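Following: one structure in structure tokens, then a few remarks.
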There are 2 protein chains.
Amino acid sequence: MGNNFESIRALMQHYIEIDDVEWELCKAMFTVKHIKKKEIVLSEGEICRDIYFVVKGLLRIYFVDQNDDEKTFHFSVENTFATDYRSFLREIPGDFYIQALEDTTVLVVTFEMLQLLYANLRNGEKLGRLIAEDYFIVFNDKIKGIYTQTPLQRYNSMNATFPRILMRVPQHYIASYLNISPVHLSRLKYGIDEL
Amino acid sequence: MGNNFESIRALMQHYIEIDDVEWELCKAMFTVKHIKKKEIVLSEGEICRDIYFVVKGLLRIYFVDQNDDEKTFHFSVENTFATDYRSFLREIPGDFYIQALEDTTVLVVTFEMLQLLYANLRNGEKLGRLIAEDYFIVFNDKIKGIYTQTPLQRYNSMNATFPRILMRVPQHYIASYLNISPVHLSRLKYGIDEL
DNA sequence: AAATAACAATAACAAATGTTAACATTTCAA
DNA sequence: TTGAAATGTTAACATTTGTTATTGTTATTT
């Protein structure tokens with residue numbers, strides 16, 4: 001269904017001009033994939049060969065630490081990308097998992113297809129640069145938030161970062177994203193400390 | 001002195017081919033600047049219009065939090081860049097300071113000059129994309145370290161991330177980079193807790 | 001050289017956060 | 001539909017980390 005492509009076309013055109021000829025090229029580079037809730041599409045140790053663009057649904061990027069605890073690194077909501085960036089860009093085994101938290105529809109771009117886009121769109125490289133810069137700022141702000149905000153402040157701003165996330169995913173995933181224990185998050189929410 | 005440019009030429013050529021004609025163009029885009037120890041070259045509230053490439057010396061990127069505490073966000077050592085990325089890319093007032101921790105020599109590239117480089121080098125946009133991707137991975141790894149490593153582990157790996165940093169800067173700057181108090185860092189180093 | 005400021009270590013105490021366990025509720029699967 | 005698994009809250013206790021203050025040392029400035 002062509003409709004899946006409308007959102008990524010809009011996103012790309014936010015960065016560069018794309019004419020109809022180029023757009024036909026683009027469409028050929030994407031594959032539609034449906035991911036069932038709880039399905040894992042990338043595991044630790046694999047080379048991540050794809051970028052996922054979330055059309056509908058929700059992906060969770062996480063890794064497993066030394067104590068076998070899952071740490072949620074990022075949520076990828078509608079109209080955003082998901083990949084193991086280090087693994088994808090360097091073509092080396094990664095240490096992230098990517099899992100669907102809802103039934104999810106994504107557009108898949110492989111590393112090879114992406115290089116074709118960079119090379120064959122008039123402003124392909126510029127598109128890549130601008131998207132990389134935007135995600136760079138996302139990470140920049142995330143780090144800054146870790147330095148300046150309390151866990152509760154970060155909890156309260158999560159809905160702004162990830163639309164409706166607090167109503168969409170189990171709370172312990174939120175806690176792991178905040179890098180605090182589920183028990184502690186529950187306490188913070190209800191202000192049980194203030195006695 | 002032309003020698004200041006050798007390191008950035010090597011860095012750029014690590015990403016793309018640059019012929020002699022292009023290199024003359026590049027050189028014209030850089031300005032050499034000497035920064036005295038403790039001098040602040042960017043302050044909160046200013047629009048950051050430059051990227052600094054550190055030829056020699058050491059810069060500290062930090063911000064001031066709600067409690068007026070300085071938080072060290074990043075150290076820029078030789079052969080790396082320093083800027084307030086959000087402010088620079090978006091051309092909006094930023095909230096970072098950039099300060100020299102040693103007498104430092106940098107090459108300055110303004111936003112305008114950088115756009116000229118992107119537009120006029122054969123692979124200018126690609127250069128921008130690849131550098132953005134590399135710094136993206138730097139931030140990616142920094143966030144991952146915050147999730148997975150204890151403050152002491154992060155302290156012990158700082159010399160790998162920033163050459164000789166532990167011998168170059170006062171310890172309380174290291175503590176603020178690790179997002180812990182100077183007192184706590186001192187305790188961790190000497191293992192005073194284990195009693 | 002003397003005065004001052006910056007820095008690091010330590011101690012004592014306070015606050016934040018983690019861990020384990022118990023329990024109740026909801027979701028999911030056979 | 002029923003039992004099992006997942007989830008969220010709360011309590012008790014342990015650990016980590018922060019705060020304040022004191023002290024001695026090292027740098028910096030005059």
Side-chain angles (χ1 to χ4, degrees), chain A residues 35-40 58 60 62 64-72 75 97 99-103 145-156 158-159 164-195, chain B residues 36-40 58 60 62 64-72 75 97 99-103 145-156 158 164-195:
Chain A
I35 310 171
K36 278 257 180 302
K37 183 173 178 173
K38 296 199 176 172
E39 188 180 338
I40 291 176
L58 177 59
R60 177 173 79 109
Y62 69 96
V64 176
D65 70 11
Q66 299 99 323
N67 308 318
D68 285 334
D69 290 325
E70 291 183 3
K71 299 279 193 171
T72 298
F75 297 104
Y97 296 80
Q99 176 194 39
L101 296 184
E102 303 172 353
D103 289 346
I146 292 172
Y147 277 93
T148 53
Q149 295 185 289
T150 65
L152 184 55
Q153 289 173 322
R154 296 177 61 218
Y155 173 84
N156 285 323
M158 283 196 65
N159 272 326
R164 297 180 10 267
I165 194 73
L166 301 184
M167 296 155 70
R168 291 171 82 176
V169 312
Q171 189 170 295
H172 65 279
Y173 290 156
I174 303 290
S176 83
Y177 177 83
L178 297 174
N179 205 18
I180 62 178
S181 68
V183 174
H184 189 53
L185 176 54
S186 179
R187 279 187 298 221
L188 292 175
K189 276 178 62 183
Y190 297 102
I192 285 176
D193 291 80
E194 2 186 313
L195 289 184
Chain B
K36 280 255 178 304
K37 183 173 179 172
K38 296 197 176 173
E39 188 181 339
I40 291 176
L58 177 60
R60 176 173 81 108
Y62 68 96
V64 176
D65 69 12
Q66 300 99 324
N67 308 318
D68 284 333
D69 290 326
E70 291 182 4
K71 299 279 193 169
T72 298
F75 297 103
Y97 296 79
Q99 175 194 40
L101 296 184
E102 303 172 352
D103 289 347
I146 292 172
Y147 277 93
T148 52
Q149 296 185 288
T150 65
L152 185 55
Q153 289 173 323
R154 296 177 61 218
Y155 173 83
N156 286 323
M158 283 196 66
R164 298 182 9 267
I165 194 73
L166 300 183
M167 296 153 69
R168 292 172 81 176
V169 311
Q171 189 169 298
H172 65 278
Y173 289 156
I174 303 290
S176 83
Y177 177 82
L178 297 174
N179 206 18
I180 61 177
S181 68
V183 175
H184 189 52
L185 177 54
S186 178
R187 280 186 300 222
L188 292 175
K189 276 178 61 183
Y190 296 101
I192 285 176
D193 292 79
E194 0 186 316
L195 289 183

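Numbers restart at 1 for each chain; the letters A, B, ... are given by sequence-line order, proteins then strands. What you are looking at is a predicted structure, and each value in this text was computed from that prediction instead of being measured.
Using a 4.0 Å cut-off, some side-chain N or O of A:Lys37 falls inside it from OP1 or OP2 of C:dC28. Checking the phosphate oxygens (OP1, OP2) of D:dT16, no side-chain nitrogen or oxygen of B:His184 falls inside 4.0 Å. For C:dA8, one of the phosphate oxygens OP1 or OP2 lies less than 4.0 angstrom from a side-chain nitrogen or oxygen of B:His172. Close to D:dT10, at under 4.0 Å from its OP1 or OP2, lies no side-chain N or O of A:Tyr190. For the pair A:Gln171 and D:dA6, the criterion of a side-chain N or O lying under 4.0 Å from OP1 or OP2 is not met.
In this structure B:Tyr147 satisfies the side chain to side chain donor-acceptor pair (under 3.5 Å) test together with A:Lys142, sequence neighbours excluded. When the side chain to side chain contact (heavy atoms under 4.5 Å, CB included) test is applied to A:Val183, the partners found at least two apart in sequence or on another chain are A:Ser181, A:Arg187. Scored by the side chain to side chain donor-acceptor pair (under 3.5 Å) test, A:Asn159 finds no partners at all (sequence neighbours excluded). Partners of A:Lys36 under the side chain to side chain contact (heavy atoms under 4.5 Å, CB included) rule, at least two apart in sequence or in another chain, are A:Glu39, A:Asp103. Residues that satisfy the salt bridge (Lys or Arg N to Asp or Glu O under 4.0 Å) test with A:Glu70, not counting sequence neighbours, are A:Arg60. The side chain to side chain donor-acceptor pair (under 3.5 Å) check on A:Tyr97 picks up A:Glu44, with sequence neighbours excluded. The side chain to side chain contact (heavy atoms under 4.5 Å, CB included) search around A:Gln171 returns A:Leu185, A:Ser186, A:Lys189, not counting sequence neighbours. With sequence neighbours excluded, the residues satisfying side chain to side chain contact (heavy atoms under 4.5 Å, CB included) with B:Asn67 are B:Asp65, B:Asp69.
Between B:Arg154 and B:Ile146, the closest side-chain pair of non-hydrogen atoms falls below 4.5 Å.
Remark: C1' of D:dT28 and CG of B:Asp103 are 14 Å apart, rounded to the nearest angstrom. Distance B:Lys36 NZ to D:dT28 P: 14 Å, rounded to the nearest Å. Distance, B:Leu101 CG to C:dA6 P: 15 Å, rounded to whole Å. Regarding A:Leu185, its CG atom lies at a distance of 14 Å from the P atom of D:dT7, rounded to whole Å. Going from atom CG of B:Leu188 over to atom P of D:dT15 covers 16 Å, rounded to whole Å.
Between the base of D:dG18 and the side chain of B:Arg187 there is a donor-acceptor pair shorter than 3.5 Å.
End-to-end axis angle for the helix from C:dA1-D:dT30 to C:dA30-D:dT1, using five pairs per end and rounding to 10°, comes out at 60°.
For the pair B:Pro170 and A:Lys38, nearest-nucleotide mapping onto DNA chain C gives the more 5' position to B:Pro170.
In this structure, the nucleotide among C:dC7, D:dT19, C:dA9 sitting nearest to the side chain of B:Val183 is D:dT19.
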What are the atom names and distances for every N/O pair under 3.5 Å that joins the protein to nucleotides 22-25 of chain C?
none

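Residue contacts shown for B:Pro151 are limited to sugar-phosphate atoms, with no base heavy atom under 4.0 Å away.
The list of salt bridge (Lys or Arg N to Asp or Glu O under 4.0 Å) pairs with a residue in residues 172-182 of chain B, not counting sequence neighbours, is empty.
For DNA chain D, none of the residues of residues 173-181 of chain A falls under the heavy-atom distance limit of 4.0 Å.
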